[in-house]
A.B. asks: 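The structure under discussion is supplied below as structure tokens; questions concerning it will follow.
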Amino acid sequence: MMGIPTDEESLRKEFEAMAARSGLTIPADRQQMMFETFLDFRKVLERLHGPRDHTAETGHVFSVDHVVRGADHE
Amino acid sequence: MSETPLYDLSIAAAGRKLRDGALTSMALTQDALKRIARIDPAINAFITVTHDRALADAQAADAAFARGEDKGPFQGIPYALKDIYDTAGIRTTCHSKLRVDHVPAHDSAVEEKLHAQGGVLLGKLATHEFALGGPSFDLPFPPARNPWNTDHATGGSSSGSGAAVAAGLVRMAMGTDTGGSIRGPAALCGTVGIKPTFGRVSRRGIFPLAYSLDHAGPLAWSVEDAAITLNAIAGFDARDQGSAQMPVPDFCATLDHGVKGLRIGVPRHFFEKAAGVSPEVLSAIDAAAQTLAQLGAVVEDVRLPDYDLFAACGRVIMFTEAFAIHQKDFQGRPLDFALSTYSRMVMGAFVTGPDLVQAHRLRRELAHAVTNMLQRYDALLTACTVAPAPLIQAPRDRVSDSPTQSMPFNVTGHPALSLPIGFSSDGLPLSMQIAGRHFDEATILRIAAAFEAQSGLNRKRPALAT
């Protein structure tokens with residue numbers, strides 16, 4: 001099974017593909033800086049992954065008793 | 001006994017003089033406008049000074065007093081708004097080239113309330129671009145500077161709000177807080193700043209940074225003034241779909257109740273070994289904890305999940321939500337953003353769907369951990385910033401550009417405030433952060449008030465303010 005890429009060529013391809021997927025054309029003079037920022041940010045993303053099983057749901061911070069959702073907008 | 005200068009009168013004290021007839025709103029307002037003209041060029045707190053509007057508001061407030069009308073503590077009191085709060089007919093720029101000429105048709109909910117209560121709008125304040133990118137020198141307006149030393153940053157993103165309150169240009173300035181943007185500038189500028197519980201104050205008409213992390217709240221020179229402001233602006237708004245339908249207490253009612261018997265937990269592991277932590281900050285927090293213990297609180301170390309989990313969770317959610325909001329402009333006008341805004345917000349493009357789900361699963365775990373701890377303790381005491389204000393020109397970390405440790409309570413939605421606790425050897429403010437149970441702003445204000453009364457720190461202003 002393939003693991004998460006860690007070599008620079010693969011990471012650069014990932015960076016370029018995700019930027020393109022989001023419709024971004026990163027200005028040429030920012031490319032390297034943004035790639036380096038992306039590498040730092042990947043370390044942040046890694047911290048999200050913990051030992052959770054299928055019962056670990058997402059949720060907002062309150063029970064529905066307190067927050068009215070879906071209020072009308074003008 | 002010398003008279004307190006007008007700028008140094010609190011909202012409460014000015015309010016008493018307005019009602020006694022010893023002072024007019026016009027006098028307060030004209031004094032504020034003169035001070036802004038004299039002092040603001042050094043600190044760039046204001047983007048727009050609403051000179052004529054302020055005088056008209058003051059005249060209306062004085063006329064209302066003369067008729068025997070009293071709309072509440074904000075009648076006749078000058079204030080200012082971070083320039084992401086919509087103000088009808090007055091430009092609201094978000095400190096960005098992309099909105100430099102934007103004039104909203106409607107007031108934000110907070111402005112509606114303050115105006116209806118007879119407040120006096122002095123103007124719109126500098127902010128980091130779209131409440132994220134700064135301090136930046138590649139924007140239409142200069143960044144705000146720290147009144148304690150103008151070579152230093154204010155913190156952000158409510159940069160102008162912190163600077164304006166510290167310099168005595170306003171008694172209260174509204175900010176917003178998505179990862180610390182009220183508490184950070186409050187800490188670095190030596191003011192009080194409170195991020196209420198998520199949903200406590202309407203976000204309607206405030207340009208969003210991240211929907212699920214944004215909070216609106218005040219910066220003020222005193223705890224009492226922060227509490228008075230919260231009284232004026234809190235409450236359910238059916239037109240803000242994050243608004244909480246919860247009773248609003250009188251946040252001033254228990255300010256003088258002291259801390260005897262309150263249990264305060266200190267997650268020391270958050271800050272004691274943080275990168276760049278200042279020994280002066282550590283000493284000041286220890287001294288503040290001892291002060292609260294001497295005043296009768298039980299203060300104990302506690303253990304929460306690691307700080308970097310809160311930071312990672314919050315940043316991923318923030319950058320993703322922010323990128324979604326601005327995606328079209330990042331595609332079409334990337335160079336119109338400040339570099340610091342672009343480099344951080346665009347990281348939202350690199351978050352996959354599963355990453356975001358993991359962030360929200362982690363968010364639930366972290367919120368429960370803090371809520372569970374607050375079943376055993378009445379409040380938590382931690383660092384707000386781990387170092388005094390950096391130099392405004394200092395290079396910043398690309399992903400996180402400040403020494404602020406405030407993200408946990410944006411992730412969890414708990415109320416949290418920042419309060420001055422001393423000064424560095426360089427004369428820059430030091431602070432602590434107090435967080436409490438959901439919708440229990442009253443207890444954290446009470447603890448802050450007790451400490452403030454003991455410390456007397458709000459008697460000292462920056463030199464340029466006097």
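In what follows, every chain begins at residue 1, and chains take the letters A, B, ... in the order their sequences are listed. Side-chain atoms are counted along with the backbone in the values below, which use heavy atoms only and exclude waters and symmetry mates.
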A.B. asks: Which of residues 303-310 of chain B get closer than 4.5 angstrom to chain A, counting heavy atoms alone?
C.D. replies: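 Under the 4.5 Å heavy-atom cut-off, B:Asp306, B:Asp308, B:Leu309 qualify.
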
A.B. asks: Any luck finding a side-chain donor-acceptor pair between B:Asp355 and B:Thr352 under 3.5 Å?
C.D. replies: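 Yes, side-chain donor-acceptor contact under 3.5 Å.
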
A.B. asks: Can you list everything that forms a salt bridge (Lys or Arg N to Asp or Glu O under 4.0 Å) with B:Lys97? Sequence neighbours excluded, please.
C.D. replies: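 For B:Lys97, the residues satisfying salt bridge (Lys or Arg N to Asp or Glu O under 4.0 Å) (neighbours in sequence not counted) are B:Asp336.
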
A.B. asks: Just so I understand: if I count every heavy-atom pair under 4.5 Å between each of B:His368, B:Gln331, B:Gln327 and chain A, which residue has the most?
C.D. replies: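 The candidate making the most pairs under 4.5 Å is B:Gln331.
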
A.B. asks: Return the orientation label for the B:Phe330 and B:Tyr342 ring planes: parallel under 30°, perpendicular over 60°, tilted otherwise.
C.D. replies: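 It falls in the perpendicular class, over 60°.
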
A.B. asks: Under 3.5 Å, is there a donor-acceptor pair linking the side chains of B:Arg363 and B:Ser212?
C.D. replies: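 Looking only at side-chain atoms, B:Ser212 and B:Arg363 do form a donor-acceptor pair, the distance falling under 3.5 Å.
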
A.B. asks: Taking only residues two or more places apart in sequence or in another chain, which ones pass side-chain hydrogen bond (donor to acceptor under 3.5 Å, both in side chains) with B:Asp214?
C.D. replies: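 Residues passing side-chain hydrogen bond (donor to acceptor under 3.5 Å, both in side chains) with B:Asp214: B:Thr178.
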
A.B. asks: Under 4.5 Å heavy-atom distance to chain A, tell me which part of B:Val351 shows up: side chain, backbone, both or neither.
C.D. replies: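 For B:Val351, backbone and side chain are both near chain A.
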
A.B. asks: Does NZ or CZ of A:Arg42 come closer than 6.0 Å to the centre of the six-membered ring of B:Phe350, within 45° of the ring's axis?
C.D. replies: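 No - A:Arg42 does not lie over the ring of B:Phe350 by the 6.0 Å and 45° rule.
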
A.B. asks: Tell me which of these, A:Lys43, A:Arg47, A:Arg21, has more heavy-atom pairs under 4.5 Å with chain B than the rest.
C.D. replies: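 Ranked by heavy-atom pairs under 4.5 Å with chain B, first place is A:Arg47.
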
A.B. asks: With sequence neighbours excluded, tell me which residues meet side-chain hydrogen bond (donor to acceptor under 3.5 Å, both in side chains) with A:Gln32.
C.D. replies: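 By the side-chain hydrogen bond (donor to acceptor under 3.5 Å, both in side chains) rule, A:Gln32 matches A:Arg12, A:Glu36.
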
